[in-house]
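Read the structure below first, then the notes.
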Amino acid sequence: MSTVTTPAPVERRESLDFIRTIVKEQTQDGRYNGRVVTRFPPEPNGYLHIGHAKSICLNFGVAEDFGGICHLRFDDTNPETEDMEYVEAIQRYVRWLWFDWKDKLFFASDYYEELYDFAERLILDGKAYVDSLNEEEIRQYRGTISEAGRPSPYRDRSIVENLDLFRRMRAGEFPDGAHVLRAKGDLAAANMKMRDPLLYRIRHATHYRTGDAWCIYPMYDYAHPISDAIENVTHSICTLEFENNRAIYDWLLDSLFNEPRPHQYEFARLVLDYTIVSKRKLLQLVEEKHVKGWDDPRMPTLAGLRRRGYTPEGIRLFAQRIGVDKTNSRVQIDLLESAIRDDLNARAPRVMAILRPLKVTIANFPEGKTEWLTADYWPRDIDKEGTRDVPLTREIYIEQSDFSETPPDGWTRLRPGGEVRLRHGYFLRCDEVVKDPATGKVVELRCTYDPDSAGKPSGAARKKSAAVQWVSAPLSIPAEVRLYDRLFTVPDPEDVEPGKTFKDYLNPNSLEVLQDCRLEPSLDAAQIGERFQFVRQGYFIVDPDSRPDALVFNRTIELKEGFQAPGREEPAPNAAIARSASRATESSATPTGADNATGSVSQQRERARAANPSLAQRYEYYTNVLNLTPEQADVLTGDVAVADFFDAAVSRHANPRALANWTANEVVRELRGRSIDQLPFGGVELAELVQLIDQQAITNAAAKTVFAEMLANGGHPAAIVKRLGLDQSLSEADLAAAVDQVLAAMPAKVAEYKGGKTALLGMFTGQVIKATGGKASPQAVQELLKQRLDNGAN
RNA sequence: UGGGGAAUAGUUUAAUCGGCAGAACAGUUGACUCUGGAUCAACCAGUUGGGGUUCGAAUCCCUGUUCCCCAGCCA
């Protein structure tokens, strides 16, 4: 049997994630002429892990979905940490996931010359300078999050001097740290990243690709955006912690390139329960021998997962199912495991293996006889065919856990005097239990089989007994089987108690090696990397440690447990405890009632009133005389222009309450940064609109339409109403017709409504109002709808 | 404490214009089964709190709360 070697089709999500939504819009509006170019930009200084898999699936997946391409670019701008070994490993695992970068393999180090030229151009444009402060001084000068930075004394060097210095930096005239190239950003920027970010530093180090050709190296914030632009990337997708860096990204590309240029979008990185992905910590696990290496099957590296037996398809399925969003989240391990099982279920042939053997002698089976029974590789529900023969002999092994002297309720396996089916074979009855007199441990079962029961239905009496796996004692083959459990005992190993480290949460039982396992003989020729389901136990893969006649299997994952045998040790009981504990911590934070508003926006308005007595007076007037709520008055008096707008409205139409609502809710929302007097209409026009509502000349819904029109093009409400034909001239007959038409068009929904789903009334209402062009009044519509629907008249 | 982000079932996520809160995983129950698997069916369960606008709010307005990121010559 060999495992399938083409990617299985992966299920699709029905809706687009926010990145794909953006890409779709932009391909449709032609911004990039329909081009979609993404990139996966690893730094070759470590191994890929499950978190990278999410990013790979996103970047390559988006390209695939929109007929574009994803570049594989190594972001190798730090000579001290990078290595060719990682470059190769990374390529290997991207390919393993079945992704293809075609001929688009790039290295930032190939752009060093170009990058350098752009830097000179920035200098020439007066946008970058050589700073000669040392590292500590630069930190000092940068300020903190609450205080602005100060300009470096070297910030105003002349272009000529900057150019000269920068060229000499390149020429190797200075030692490490003597100078850096910095962008002229904004030292007072609240975004720390914009306080004159470093572009180049001096490093007399040998680069794994460029050797000693360079002694200045670009920083990520400089190299990354320009590399994207050089490659004509359209969508540069990265994780959330780079959100602040986007300001540099945009600043740099706007300085150097024209639209359409690349743009950066950020998504939330994967955080998986019971897993760490920090390079430093992973390295520590390897170096301190908590695991056997980078590809230890307990490691979250792609190397580890592969060796464990996880499939690329399963991992892609997992990525598909967790989706992409900007919410920081923790994914339960079940989601991953379930995806892997789903994939393996359809592709791993079933075989019989005994992990913890219990000897069974079948008393009525002739000594020396071997009966070959035909066994299917696949269960009925899998659409695949294939069989092999398994030998039955007088002495066999079954799983220790399939026998119990004192079984609990609901036990379907073997018990003294009880029966089970030998899978693919006969029924077996346990007649006698043989124990070690010294320990009292069960060492053998004496049984008899029913020679007439092979291949026949179990019958009612035997229906609820299990069908257990077994192997011939003399004809089975030995194997080592390695059982893995989660590496950590807590969901979040990085969330450590004081005085502890993540290593204190290592699961001591994460690996269990079974030496005395017995496999059915068909497994004799199993190849490294082949996957099987050991019936009723889980999915297993042949480990590279295997030698001829000394097979080693890794348990990829257990089958979903439908029944937990009592007495069987649960390896990670702390899991449930830890989980409920973490939940308790989460919910222990009880919201406290807010006394005084301290939000910055409300503070600004308060400050405005404090600074301007006229606003303060108006606040009093609005609350005391016009009877507005404090909240309304607050919003209206935070800005003179807004208050003026409102006053103008009130003087035109004396309904302060309604005008306040419109101003505070609808008008303010549309400002979005601009001042209220930049709107194409004023308070007077708003008042005219409200007056039309008050006079019942138009409905509220129609008023919203008019408002949108005023917003777009200005104009007088009455004129717009006329132009749009929104006068409330809907006759009762017209309304009734609209209602009937809507109901007739949706018989299924009507039935649902009558079945009790009254929430549909809103939907019907909306439909009718739309059908009448906003002319119908909601109250009238709903009254009529209820009449029609509740009378049950058909 | 400044700036930037994010809050929808236990978990990960959907929800065109303001109009039916929909899935998957987990859990529970049942059917089926020569895997206590798979499959099928059903159930459980949700809009971060408080106000407001509206006939109608996850969605709009106001106001709280919580969480994440930023002060590397790392990426």
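Quantities reported herein were computed from a predicted structural model and do not represent experimental measurements. A note on names: the letters A, B, ... follow the listed sequences, proteins ahead of strands, and every chain is numbered from 1.
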For the base of rG5(B), is there a side-chain donor-acceptor partner from E266(A) under 3.5 Å away?
no

If you measure from the P atom in rG50(B) to the same atom in rC40(B), how many Å do you get, rounded?
40 Å

Between the base of rG19(B) and the side chain of K770(A), is there a donor and acceptor pair under 3.5 angstrom?
no

Answer with base, sugar-phosphate or nothing: what part of the nucleic acid does G425(A) contact at a heavy-atom distance below 4.0 Å?
base

What contact category does H224(A) fall into here, base, sugar-phosphate, or nothing, at under 4.0 angstrom with non-hydrogen atoms?
nothing

At 4.0 Å (heavy atoms only), tell me whether V635(A) reaches a base, stays on the sugar-phosphate, or touches nothing.
sugar-phosphate

Do K193(A) and rC70(B) share a donor-acceptor pair, side chain to base, under 3.5 Å?
no

Would you mind classifying the nucleic acid contact of Q533(A) as base, sugar-phosphate or nothing, using non-hydrogen atoms under 4.0 angstrom?
base

By nearest-heavy-atom nucleotide on RNA chain B, the more 5' of I145(A) and I202(A) is I145(A)

Give G455(A) one of three labels, base, sugar-phosphate or nothing, depending on what nucleic acid heavy atoms sit under 4.0 Å from its own.
base

Touch check for R341(A), heavy atoms < 4.0 angstrom, all strands: base, sugar-phosphate only, or nothing?
nothing

Closer than 4.0 angstrom, basic N to acidic O: yes or no for R413(A) and E399(A)?
no

Within the 4.0 Å heavy-atom criterion, would you say Y200(A) contacts the bases, only the backbone, or no part of the nucleic acid?
nothing

Parallel, tilted or perpendicular: which fits the ring planes of Y249(A) and H224(A), with parallel below 30° and perpendicular above 60°?
tilted

hbond_proxy T412(A) side chain to rG36(B) base (donor-acceptor, 3.5 Å cutoff):
yes

Contacts of N245(A) and G143(A) projected onto RNA chain B by closest heavy atom; the upstream (5') one is G143(A)

Considering only the P atoms, how many Å lie between rG22(B) and rG5(B), rounded to the nearest integer?
32 Å

Regarding N134(A), tell me which of base, sugar-phosphate or nothing describes its non-hydrogen contacts under 4.0 Å with the strands shown.
base

What is the nucleic acid contact for R350(A), judged by heavy atoms within less than 4.0 Å: base, sugar-phosphate only, or nothing?
base

Take the protein atom CD of Q696(A) and the nucleotide atom C1' of rC55(B), then report the distance between them rounded to whole Å.
14 Å

Runs of at least three consecutive Watson-Crick or G-U pairs, both distances under 3.5 Å, are what I'm after; which ones involve RNA chain B?
B:2-7 with B:65-70, B:10-13 with B:22-25, B:27-31 with B:39-43, B:48-52 with B:60-64

Would you call R321(A) and D342(A) a salt bridge, taking side-chain N to carboxylate O under 4.0 Å as the test?
yes

Is I769(A) touching bases, backbone alone, or none of the nucleic acid, heavy atoms closer than 4.0 Å?
base

Compute the centroid of each ring, for F532(A) and then for F540(A), and state whether the two points are separated by less than 6.0 Å.
no

Under a 3.5 Å cutoff, is there a donor and acceptor pairing between the side chains of T387(A) and D376(A)?
no

Name the nucleic acid region contacted by I382(A), choosing base, sugar-phosphate or nothing; use a 4.0 angstrom heavy-atom cut-off, strictly under.
nothing

Please work out if T629(A) contacts a base, only the sugar-phosphate, or nothing of the nucleic acid, heavy-atom cut-off 4.0 Å.
nothing

Less than 4.5 Å apart, side chain to side chain, heavy atoms only: is that true for L789(A) and F764(A)?
yes

Report yes if a donor N or O on one partner sits less than 3.5 Å from an acceptor N or O on the other, where the partners are the side chain of E135(A) and the base of rC73(B); otherwise report no.
no

Indicate, yes or no, whether a donor-acceptor pair under 3.5 Å links the base of rG72(B) to the side chain of R139(A).
no

L373(A) near the nucleic acid: base, sugar-phosphate alone, or nothing, with a heavy-atom cut-off under 4.0 Å?
nothing

